[in-house]
Amino acid sequence: MNFGNKLGIHILLFLIATFIACTDNDIQENNNNLPPKDEPTPPQEEAEEHLFDILNLDYPGLEEIKSLYKSGENDAAMQKLLTYYRSRTAIENPNLTATLNDTEQGYADYAIDEYRFYVNDNYLEDKDRKIPYSLKSNDQMINWQFAPEGADNEYQKQLHRHNWIPMQGKAYQKSKNEKYMLSWKEVYTDWILKNPKPNGKPDKFQWHQLQMSTRIMGQTESFEYFKSSPHFTPEWLSFFLIHFAEHADYLSMYKYSGENNILLSQAVALVFAGTLFPELKNAPQWQKTGCEIINDQTTKLFLEDGMTNDLSLHYHIGIVDGLYDLKRLIQLNKLPDNLLSPQLDETLLKATKVVMHFTYPSYFEKGSKQCSPAFNDSWIKTRSVLNKNFAKYAAMFPEDSELKYMQTYGNEGTLPDSRIKTFEDSGFYVLRNGWTPESTMLILSNNISSKLQDSSHNQLDNGTFELYHNGRNFFPDSGVCSYMKEDDAEVMKLRRWFRQTKAHNTMVLGKSEDHEDIGAENISKAEGKLLLKEENADQQLIVTENQGYNDFKHRRAVFYVKQPTEFFVLVDEGFGTATGYAKLYFHLCDETSVNNVILDSQEAGAHTTFENNNLLIRSFGNQAITLKPFDGRISYQTDRKYSTRKAYSLVMKKQRSIPVRCITILYPVSKVSNQKISAKFTDDSSNSNHVSIEVTISNQVYPLSFQLKH
């Protein structure tokens with residue numbers, strides 16, 4: 001029988017013994033005084049030898065351990081190794097924290113109660129009480145194949161990241177209650193037994209690169225939280241190190257394809273593994289491999305404008321956070337500065353400024369819950385989440401006064417300017433008039449990406465926008481709702497609904513006047529271009545276009561008029577030989593405001609009816625416009641649940657080689673009453689490079705125009 005088979009049998013015996021020794025009642029009690037000898041341990045005959053095979057016994061500090069091992073005193077050597085790790089101070093993990101909030105404490109306890117393992121906030125059996133699903137099977141064992149009814153692939157993927165275990169480690173540090181240690185030993189041993197490493201390349205779930213990376217990062221924390229426990233025996237140390245090295249060795253063998261957040265997570269985990277466990281023979285190689293990936297990917301993962309190529313602010317923030325942790329790791333452990341490319345700092349500074357300029361002014365108001373846009377596969381960030389990240393950015397770049405301003409909510413540092421911000425490589429454009437909660441801000445998304453498949457984090461939304469004014473987002477993005485589950489048609493239908501072009505505030509081309517099937521009107525290309533940017537004290541202007549279809553191109557100009565009154569003008573034009581129907585879609589407010597949105601069919605627009613802070617919308621075309629109500633949706637989770645909201649399309653007939661043109665006024669007002677708005681084109685429509693319009697609001701005429709270069 002080879003070592004692997006014997007170890008599997010030993011693990012099974014250990015697991016059974018653990019179940020017998022640790023009943024549900026035992027686990028719930030405080031076992032602080034339970035002596036270590038009462039804790040069942042896995043047999044160690046072969047494991048001991050394997051442990052010393054993976055250790056670098058010439059590493060400084062292991063001299064006595066090496067001597068004991070060479071003398072055949074393996075038990076004494078292992079005990080000495082545990083003492084070494086418990087007293088080790090030269091190695092520091094920047095992710096260790098004593099902070100444990102009530103929700104995390106609950107997740108630590110629920111992991112013991114019927115194996116209710118925390119996956120993430122999207123997958124809870126009871127969201128109000130934050131109770132995770134139970135993995136307890138009918139035979140009282142752990143069912144690692146479990147997935148809630150209707151769940152997409154993300155549940156099984158994230159289950160195997162073991163997110164609850166570091167929380168149990170922090171709970172142990174807080175209470176010294178041995179039930180958390182016993183739970184870790186039982187559950188992790190069970191997982192190792194039932195989820196062996198593949199013989200070949202990584203699988204889709206248990207041993208996928210992102211799952212391995214997350215487990216490794218969690219294990220580097222859990223090890224430190226638990227190592228003082230009397231139940232952290234030399235035998236458990238051996239078991240832990242063997243499987244930690246197994247993870248890192250396997251992860252270093254298979255580089256994830258493409259330039260994305262998964263590959264970066266893989267690299268960061270390898271550097272952490274190699275740095276925090278330098279006593280293991282392969283640690284230098286793990287560290288070297290991770291740094292090589294990061295240095296190679298710095299200019300591939302990040303676009304020149306600072307945005308990551310997934311084009312999702314959610315993943316962008318996560319990637320920057322991982323690199324912050326990496327820089328802290330290198331600083332704390334006094335590693336050579338040349339491990340990472342000098343380009344990384346410049347790239348990271350740009351990346352932090354992306355987050356800064358994407359932050360809505362509501363960030364500066366206490367208690368704000370919606371402080372960022374939700375383009376592509378993103379979720380709205382709260383004030384506290386953003387502030388935690390700005391604190392890290394300010395620590396990375398202490399000389400940057402704008403980041404200090406964001407970290408301190410404007411109490412220190414320098415106010416960022418309010419000029420147009422263009423992120424041309426990714427296709428995002430920001431117009432604003434200030435940074436106070438009452439300010440106004442519009443973000444236009446016109447992405448440049450070849451990633452349009454269902455699995456992409458980039459949605460088919462070119463030309464869409466969000467508009468924030470005085471604390472309210474009037475055009476929030478529809479959201480995500482679901483990730484992938486190829487074998488579930490209903491889950492895939494939901495994902496495609498939220499990804500489709502008409503689920504966004506932009507123009508589509510259809511074959512009929514009516515709303516067509518999911519995806520029927522999707523763009524086929526995301527090749528966003530910035531054609532023009534102009535600004536002065538009274539006005540900002542950006543003009544973008546996207547050849548979304550082979551025979552139909554959408555151009556959108558956004559005028560932000562600031563003086564003498566404030567309003568936005570969208571000029572949408574559709575060019576090409578296509579025939580059919582051009583449709584402008586608008587999705588208004590969130591699910592809490594359905595009754596505050598009124599569609600005005602006769603005026604080709606809408607208005608809101610809040611107590612104050614409202615928006616009046618009116619559209620005018622170069623031909624007849626028909627307003628058609630649309631059942632909008634909104635969802636910022638991936639639990640396949642969504643709410644409905646008001647939406648509509650403006651339909652214009654597209655004739656061959658004749659452009660469709662539409663002017664839309666977005667007029668913020670305190671209350672909608674008798675405001676009179678009109679607009680018309682005053683240019684020669686045969687000149688596609690010149691636009692001239694006249695907008696009239698309450699008898700005040702505003703001539704607006706732009707000229708494009710040939």
Side-chain angles (χ1 to χ4, degrees), residues 357 360-362 364-365 415-422 429-444 465-475 505 531-544 556-573 586 588-589 598 600 603-621 661-683 690-708:
H357 287 297
Y360 286 136
S362 54
F364 294 94
E365 185 172 26
L415 174 74
D417 70 64
S418 299
R419 292 176 295 177
I420 294 175
K421 291 297 175 287
T422 61
Y429 308 94
V430 183
L431 296 81
R432 71 163 75 227
N433 69 354
W435 293 83
T436 65
E438 299 78 22
S439 299
T440 300
M441 176 179 169
L442 182 145
I443 307 181
L444 178 74
F465 68 94
E466 289 193 9
L467 171 60
Y468 170 98
H469 173 73
N470 193 19
R472 177 169 290 118
N473 189 343
F474 284 97
F475 293 95
N505 303 306
L531 303 182
L532 184 65
K533 177 187 76 170
E534 294 179 351
E535 65 181 317
N536 54 46
D538 298 331
Q539 178 183 303
Q540 293 181 336
L541 166 68
I542 53 172
V543 184
T544 66
R556 169 164 275 177
V558 181
F559 291 92
Y560 179 17
V561 180
K562 300 182 179 182
Q563 300 291 341
T565 190
E566 181 185 45
F567 61 93
F568 288 87
V569 180
L570 309 180
V571 179
D572 289 288
E573 300 175 280
F586 295 100
L588 281 155
C589 302
I598 308 299
D600 302 320
E603 288 82 12
H607 70 276
T608 61
T609 61
F610 299 104
E611 184 176 350
N612 53 49
N613 186 23
N614 287 285
L615 189 69
L616 179 60
I617 309 166
R618 294 290 184 261
S619 294
F620 308 88
R661 309 178 79 198
C662 184
I663 304 167
T664 300
I665 316 300
L666 309 176
Y667 185 42
V669 292
S670 177
K671 288 186 180 296
V672 176
S673 54
N674 297 317
Q675 295 92 347
K676 293 183 179 180
I677 297 177
S678 64
K680 62 182 179 179
F681 288 97
T682 58
D683 55 31
H690 176 70
V691 168
S692 179
I693 64 173
E694 191 175 89
V695 176
T696 303
I697 300 178
S698 299
N699 298 319
Q700 174 72 46
V701 178
Y702 299 86
L704 303 170
S705 65
F706 65 83
Q707 177 69 49
L708 300 177

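When reading the values below, keep in mind they use all heavy atoms of this one structure, side chains included, and skip hydrogens, waters and symmetry mates.
- In this structure the side chain of Q539 never reaches within 4.5 angstrom of the side chain of K562, judged on heavy atoms.
- For the 3.5 Å distance criterion, the side chains of T436 and E438 qualify, holding a donor opposite an acceptor.
- Of the inter-residue distances, the one linking N536 atom CG with Q563 atom CD reads 10.0 Å to the nearest 0.5 angstrom.
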>> Run the side-chain contact (heavy atoms from CB on, under 4.5 Å) test on V571 and V543 for me, step by step, so that the C-alpha distance in whole Å, both residues' side-chain angles and the decisive distance to 0.1 Å come before the verdict.
In response: CA-CA 9 Å; V571 179; V543 184; over 6 Å; no

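- A salt bridge does not link R432 to D417: none of the charged side-chain nitrogens sits closer than 4.0 Å to a carboxylate oxygen.
- Looking only at side-chain heavy atoms (C-beta outward), V691 and R661 come within less than 4.5 Å of each other.
- The line from SG of C662 to CD of E573 is 10.5 Å long, rounded to the nearest 0.5 Å.
- Proximity of L444 to T544: side-chain heavy atoms (C-beta onward) are separated by under 4.5 Å at one or more points.
- A distance of 4.0 Å separates CG of N613 from CG of N470, quoted to the nearest 0.5 Å.
- Looking only at side-chain heavy atoms (C-beta outward), L616 and F567 stay at 4.5 Å or farther from each other.
- At a threshold of 4.5 Å between non-hydrogen side-chain atoms, the residues V561 and L704 count as touching.
- Proximity of D683 to S705: side-chain heavy atoms (C-beta onward) are nowhere separated by under 4.5 Å.
- The shortest non-hydrogen separation linking F706 to A557 is CE2-CB, 3.5 Å.
- Judged by distance alone, the side chain of N614 and the main-chain N or O of T609 form a donor-acceptor pair under 3.5 Å.
- In this structure, L666 CG and H469 NE2 are separated by 11.5 Å, a value rounded to the nearest 0.5 Å.
- A distance of 5.0 Å separates NZ of K680 from CD of E694, quoted to the nearest 0.5 Å.
- Summarising the geometry, atom CD1 belonging to I697 is positioned 9.0 Å from atom OG belonging to S678; distances are rounded to the nearest 0.5 Å.
- For F568 and F559, the ring centers sit 6.0 Å or farther from each other.
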Which donor-acceptor pairs under 3.5 Å do side chains of residues 669-676 form with protein atoms, sequence neighbours excluded?
unit_1: K671; atom_1: NZ; unit_2: E611; atom_2: O; d: 2.5
unit_1: Q675; atom_1: OE1; unit_2: S673; atom_2: N; d: 2.7
unit_1: Q675; atom_1: NE2; unit_2: K671; atom_2: O; d: 2.9

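- Between F610 and F474, the angle of the ring planes goes over 60°, which puts this pair in the perpendicular group of the 30/60° scheme.
- Contact detail for I677 and F620: the closest heavy-atom pair is O-CZ, 3.4 Å.
- A ring-centre distance under 6.0 Å is not found for F475 and Y468.
- A side-chain contact (heavy atoms from CB on, under 4.5 Å) with I542 is found for one member of L532, V430, L431 and no other, namely L431.
- In terms of heavy atoms, P416 sits closest to W435 at O-NE1, 2.9 Å.
- The side chain to side chain donor-acceptor pair (under 3.5 Å) search around Y560 returns N433, E566, not counting sequence neighbours.
- Smallest separation of non-hydrogen atoms from I665 and V569: CD1-CG2, 3.9 Å.
- In this structure, L570 and R556 have side chains that are in contact, with non-hydrogen atoms separated by less than 4.5 Å.
- For the pair Y360/I443, a side-chain contact is recorded, criterion being any heavy-atom separation below 4.5 Å from C-beta on.
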